[in-house]
Amino acid sequence: MRSIETELKARVIAIIDELYGIRLDHVTVEIPPRPAFGDIALPIAFELAKQLKQSTGEKQVPRRLAETIASRLGQLEGISRIDVAGPGYINVFLDRPRYLRALLEPVVPPQPSQDKLIVEHTSVNPNKAAHIGHLRNAVLGDTLVRLLRALGQKVEVQNYIDNTGVQVADVVVGFKYLEKKSLDEIQRITGKFDDYCWDLYARVTEWYDQNPDNLAYRRQTLQEIEIEDHPTARMADYISMRVLNHHLDTMDRLGIRYDVLPRESDILHCRFWDRAFEILKQAGVIVYETKGRNKGCWVMRANAGDRQTSSTSSEDEYSEDKILVRSDGTVNYTGKDIAYHLWKLGKLGIDFNYKPFRSYPDRHQTWITTAEASEATRITRPIFGFGSAYLNVIGSEQTYPQKVVKQAIAAVAPDVNIERCVHVAYEKVALSPRACMELGIELKPEERERQQISMSGRRGLGVKADELIDKLEQRALEEVRSRHPDLQEPAQREIAHLIAVGALRYFLLKYTRTSVITFDFDDALSFDGETGPYIQYAIVRAQSIFRKLDASGIRRGHLAEISDDRLTTLLSGESGDDLWSLIYLAGRLDDTVRQASENLEPALLAKYTFQLAQRFNLFYHHYHILREPDEARRTLLITVTEVVERQLRRALDLMGIGVPEKM
RNA sequence: GCUCCCGUAGCUCAGUUGGAUAGAGCGACAGCCUCCUAAGCUGUAGGUCGCAGGUUCGAAUCCUGCCGGGAGCGCCA
C-alpha cells in the first residue's frame, strides 16, 4: 500500500544517486490510466534524461534509462512484477493477494499530535437565519476537521461570533426604530426568531435606502452596543444569542459542532485590542501617520514583517498600507481580528473567561467566552487557544484582510510557524436565475441576463438553510414511505434525515473550493447520479447482501483459508483484473485522505468516494454472490464487498455522512 | 488602474500538481426488474480544453499577451 510506494521512491532515489550521481528530492508516482499498465507508474526516466542532458550535455534515451533502473530495482516485498513500457515508463504491478489481505487488517488510529490546530469556521453574523452559503462554509470546515483528526491532528473548533458589528446593529435598529419594540416585546416573539430577523434585516436595509438620514440610528446603535450594560447592548445581546442558538440548531442537524464560541463583545470588554496595540507598537509593526491621507491613523506598512529594508519607497502614497486605528482612536475590524489571532496562538498574554453554552446528548460541551469572572468560570474546563497554528475557513473575498492578519502575526510572533497558518478560501454560493424564480424573488433588470445571482442577506435574497434541509427531508421521507411502507414513522424519519444530510453535505463538498456553486433546486434536491444518496445506496446494497448471506448460513470473513496460489488465480484473467481494479481503488482511500488534507480540499475525497461507489455498483451488477457456485470464488467476492463497504463507510464518515440500514 | 479566482460536452463540474487514447453527473435518445433493493445498470449522440504565441521528449495543466465572467484593493465589517 502506501509503504510500498514510499519504499519504491526511496529505492529509485538511491539507484539514481548511485548510477548517475544525481540526488533527487522528489519522485513523481502516478496511477496509470489503464490497469494493463500496472498499478503504480514511475515517469522518472524522462525527468532523469532531462537532468542528465543539463549536467553532462549528453542526450539519453528515456526508455534505456528506465530499463536500467527497473533492472536494478530487483525483488521488492509486495510487488509481483516491474515492466518498462511506452517511451520510458516504469510500471509496477502489485502482489494482489498480499494487498487484499493487508486491506483486511483493522485500521489503527494514528498517534494524536502534541500540537493543537485552531480551526475557525461557520462564523455567521448572528442577526438572521443561516443560508446555503453559510452551510458551505460550515460543511467545508467540519469536513476538514474530521480529516485532520483522522490523521491524528489535535484540533480545536472555533466559531467566531461577531455580535457587535453593523449587521447585528441593523437588526437592533429594526426592532427599536422600525417596529418600536422593547426588549420585553422582542422576547415575546414566538416562532422561528432567525427567520423573523431575516425579514426585518431586509426591511431595515430598504429603510436606509429610502432615507439615508436613517443611517444615523445605525451609528448611534453601534456605539451603544459596545457599552457594557447599556440597554441597547442588552437588546443586541438577547437578539444575537437567540439567533446564535438557531444557528447551532441548524448546524447540529448536519452533525456540525464547536468547541468554543469567541464573541467580539468579549474581545472588546477583555481589552484584547489594548494589549495587541502595545505588542504591535513595540514590534514597530504599526506607525502613527502625521501626514498624508492617512493622517492621524495607526497603520501597518505593506511590507511589515519582511526582513528586508523597505528602501524601494514609494511615490505611490502608501497605497498598500493598512489602517488599523482610525483617526478618532477607534480600532477597526482588522485590528480586532489581529488581537483575536494573537490570542488563538497564545501570543496575547491575556485570556477570556468562559462558561458552558450548550451540551449535546453525547456529552460534547460547547463553551462561550464571557468577560466577567463569575462562579461559572471556575468550573474545570478545557484550555482554549494556545494553538500552534490556525486554519480559517473564510470566503475568498476576504483574502486581503486575512493576508494583513497573517502579516501582523508573522511580524510580532516570529516563533510561530506562519506557513501552517492558512486562510482556507472558498468561493460563494450563487443562485441560478431559475432558483430565484422558484423563491419568488424579484430580479433587477440587469440581473435577469446573468448566469448567476449573488445571495444577499441585506436584500433577504437567499436559500435559508433550515428550509432547504426541511425540503430535503420531506422529499426523502416521501421516497422512503413508498419504498418501505411497513416501517414505523420514526424509523422512516431517521432514514430520511440521513439521506437529506448525505445529499446536502455531498452537494456542498463535490465542488472544489475555488469554484462558485450556482445553486439550483433540482441539483441540490437530487438523489440520483453523483450525490450522497447514491453512495449511501451502494453501502445499503452491500449490507443487504450480508443480511442474505447470514440468513442462508453462508460464512463470511474467512479469506485466510484460501491459499495465495488460489487467490492469485482468482485475481488473474479478465474477471480477476476487474476485481483487482476495484480492490486497488478501495485501497487508495488513505492516500486520498492524506491528499485531501494536504490540499485542504475535501472535494478530492468526495470525488473519490463517488468513484468507488460507482465501481462497486458495476461489480454488483456483474457478480451475483449468492448464486456463485465456486466457494473460494464466492469467498473472494464476499471479501471484496466487505472491503469496499468498509472503505465507503469510512469515507462518508469523514464527510459527516451516516448510512441508514435500508433505504 | 493594480491584485486574486474562474473559462473543459447542451447544462453543472472533475482532471492525481507536466505524462500514455481528456472524464463524470444531469439533460436527450434507445434498452435492462421471475435474478443479492431500478435511489441501480447498459448503449448512443455530444470536445478547436476561451483565443494567440512560447517553454520541451510531452501542455487542459507552466510562462507572456489578449478576450469574457466574478471578487478584492475603504478611517465598512
Side-chain angles (χ1 to χ4, degrees), chain A residues 28-34 37 41 43 46-47 49-50 53 59 61-62 85-89 125 162 164-167 169 222 264 293-299 316 319-320 322-328 330 332-334 336-337 395-401 403 425 427-428 430 432 450-452 454 476 479-480 483-484 499 503 510-518 520 522-523 526-531 533-538 540-549 552 588 591-592 595 599 603-604 606-608 610-611 614 617-618 620-627 641 662-663:
Chain A
T28 310
V29 165
E30 48 186 73
I31 309 297
R34 276 183 291 166
F37 292 150
F46 305 113
E47 174 66 22
K50 190 186 283 180
K53 194 180 157 194
K59 230 177 171 177
V61 183
Y89 289 97
N125 274 302
D162 182 3
T164 59
V166 170
Q167 298 212 21
L222 267 171
E264 183 155 283
R293 66 171 190 192
N294 291 341
K295 186 179 174 187
C297 300
W298 286 86
V299 305
D316 52 4
S319 58
E320 295 283 303
K322 178 68 187 169
I323 291 167
L324 300 181
V325 180
R326 306 175 187 115
S327 55
D328 66 1
T330 57
N332 68 9
Y333 180 79
T334 308
K336 282 181 257 185
D337 219 18
S396 55
E397 75 279 359
Q398 291 206 47
T399 301
Y400 175 66
K403 208 178 114 189
E427 276 296 341
K428 61 187 174 186
S432 70
R450 300 244 187 106
Q451 292 295 302
Q452 47 188 232
S454 290
E479 199 67 35
V480 173
R483 286 162 191 254
H484 304 286
I499 292 170
K510 73 173 173 181
Y511 300 91
T512 50
R513 285 190 280 119
T514 53
S515 161
V516 176
I517 297 179
T518 308
D520 189 89
D522 284 350
D523 292 343
S526 170
F527 299 149
D528 301 330
E530 197 197 339
T531 65
Y534 176 99
I535 302 165
Q536 292 170 316
Y537 189 64
V540 164
R541 279 176 146 177
Q543 289 175 153
S544 181
I545 293 173
F546 298 150
R547 265 200 306 273
K548 287 265 158 80
L549 288 170
S552 320
R588 282 173 53 201
D591 210 43
T592 308
Q595 217 178 345
N599 295 314
L604 290 172
K607 292 281 173 187
Y608 163 83
F610 173 67
Q611 200 192 339
Q614 216 176 12
N617 271 331
L618 223 75
Y620 180 89
H621 280 272
H622 278 6
Y623 306 93
H624 202 286
I625 295 176
L626 283 165
R627 281 191 307 195
T641 308
K662 31 172 112 168
M663 64 185 276

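Reminder, nothing fancy here: chain letters follow the sequence lines and each chain counts from 1. Values below: all heavy atoms of this structure, side chains included; hydrogens, waters and symmetry mates excluded.
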Exercise for the section: Would you please confirm or rule out a distance under 4.0 Å between OP1 or OP2 of B/rA38 and any side-chain N or O of A/R541? Expected result: yes

Handout entry: Whole-Å distance separating the OH atom of A/Y620 from the C1' atom of B/rU42
Key = 16 Å

Practice task
Please state how far atom CG in A/L324 lies from atom P in B/rG74, giving the value in whole angstrom units.
Solution key: 12 Å

Exercise for the section: Kindly say whether, by distance alone, the side chain of A/D520 makes a donor-acceptor pair under 3.5 Å with the base of B/rU12? Expected result: no

Exercise for the section: Among B/rC13, B/rC36, B/rC73, find the nucleotide with the atom closest to the side chain of A/Y511. Expected result: B/rC13

Problem - Donor on one side chain, acceptor on other, A/Y534 and A/N617, under 3.5 Å - result: yes

Problem - Polar pair under 3.5 Å, donor/acceptor by atom type, side chain A/S515, base B/rC13 - result: no

Exercise for the section: Using the C1' atom as the reference point in each nucleotide, state the distance between B/rC62 and B/rU55 in Å, no decimals. Expected result: 8 Å

Problem - Interatomic distance, A/Y400 OH vs B/rC4 P [rounded to whole Å] - result: 15 Å

Problem - Gap in Å between the two P atoms, one belonging to B/rU61 and one to B/rG65, rounded - result: 16 Å

Problem - Minimum-distance nucleotide to A/H624 side chain [options: B/rC36, B/rC26, B/rC75] - result: B/rC36

Problem - Gap between atoms CD and P, on A/E47 and B/rG58 respectively (whole Å) - result: 15 Å

Problem - Complement of B/rC35, any strand, by Watson-Crick or G-U distances under 3.5 angstrom - result: none

Exercise for the section: Compare side-chain N and O positions of A/Y537 against OP1 and OP2 of B/rA39 and report whether any pair is under 4.0 Å apart. Expected result: yes

Fill in the blank from the handout: Heavy atoms of A/S396 and A/E427 approach each other most closely as OG-OE2, 3.2 Å

Completion exercise
A/K510 NZ to B/rA14 C1', in whole Å, measures 11 Å

Handout entry: A/E479 CD - B/rA39 P separation (whole Å)
Key = 7 Å

Problem - Partner nucleotide, any strand, of B/rA71 [Watson-Crick/G-U, under 3.5 Å] - result: B/rU3

Practice task
Choose from B/rG72, B/rC5, B/rG40 the nucleotide whose nearest atom is closest to any side-chain atom of A/E397.
Solution key: B/rG72

Practice task
Using Watson-Crick or G-U wobble geometry with both distances below 3.5 Å, tell me the partner of B/rG18, or none.
Solution key: none

Exercise for the section: Could you check if a side-chain atom of A/D162 sits within less than 4.5 angstrom of a side-chain atom of A/T164, using non-hydrogen atoms only? Expected result: yes

Exercise for the section: Specify the separation, in whole Å, of atom NZ of A/K428 and atom P of B/rG69. Expected result: 14 Å

Practice task
Look at the side chain of A/K50 and the base of B/rG58, then say whether one donor and one acceptor between them are separated by less than 3.5 Å.
Solution key: yes

Practice task
Record whether the side chain of A/R483 comes under 3.5 Å of the base of B/rA39 through a donor-acceptor pair of N or O atoms.
Solution key: yes

Handout entry: Residue matched to B/rC13 through Watson-Crick or wobble contacts both under 3.5 angstrom
Key = B/rG23

Problem - B/rG43 versus B/rU3 - spacing of their P atoms, nearest Å - result: 49 Å

Fill in the blank from the handout: Per atom distances to the A/T514 side chain, the nearest of B/rA20, B/rA71, B/rC5 is B/rC5

Problem - Contact under 4.0 Å: A/Q614 side-chain N or O vs B/rG25 OP1/OP2 - result: yes

Fill in the blank from the handout: The glycosidic conformation of B/rU48, counting syn as within 90° of 0 and anti otherwise, is anti

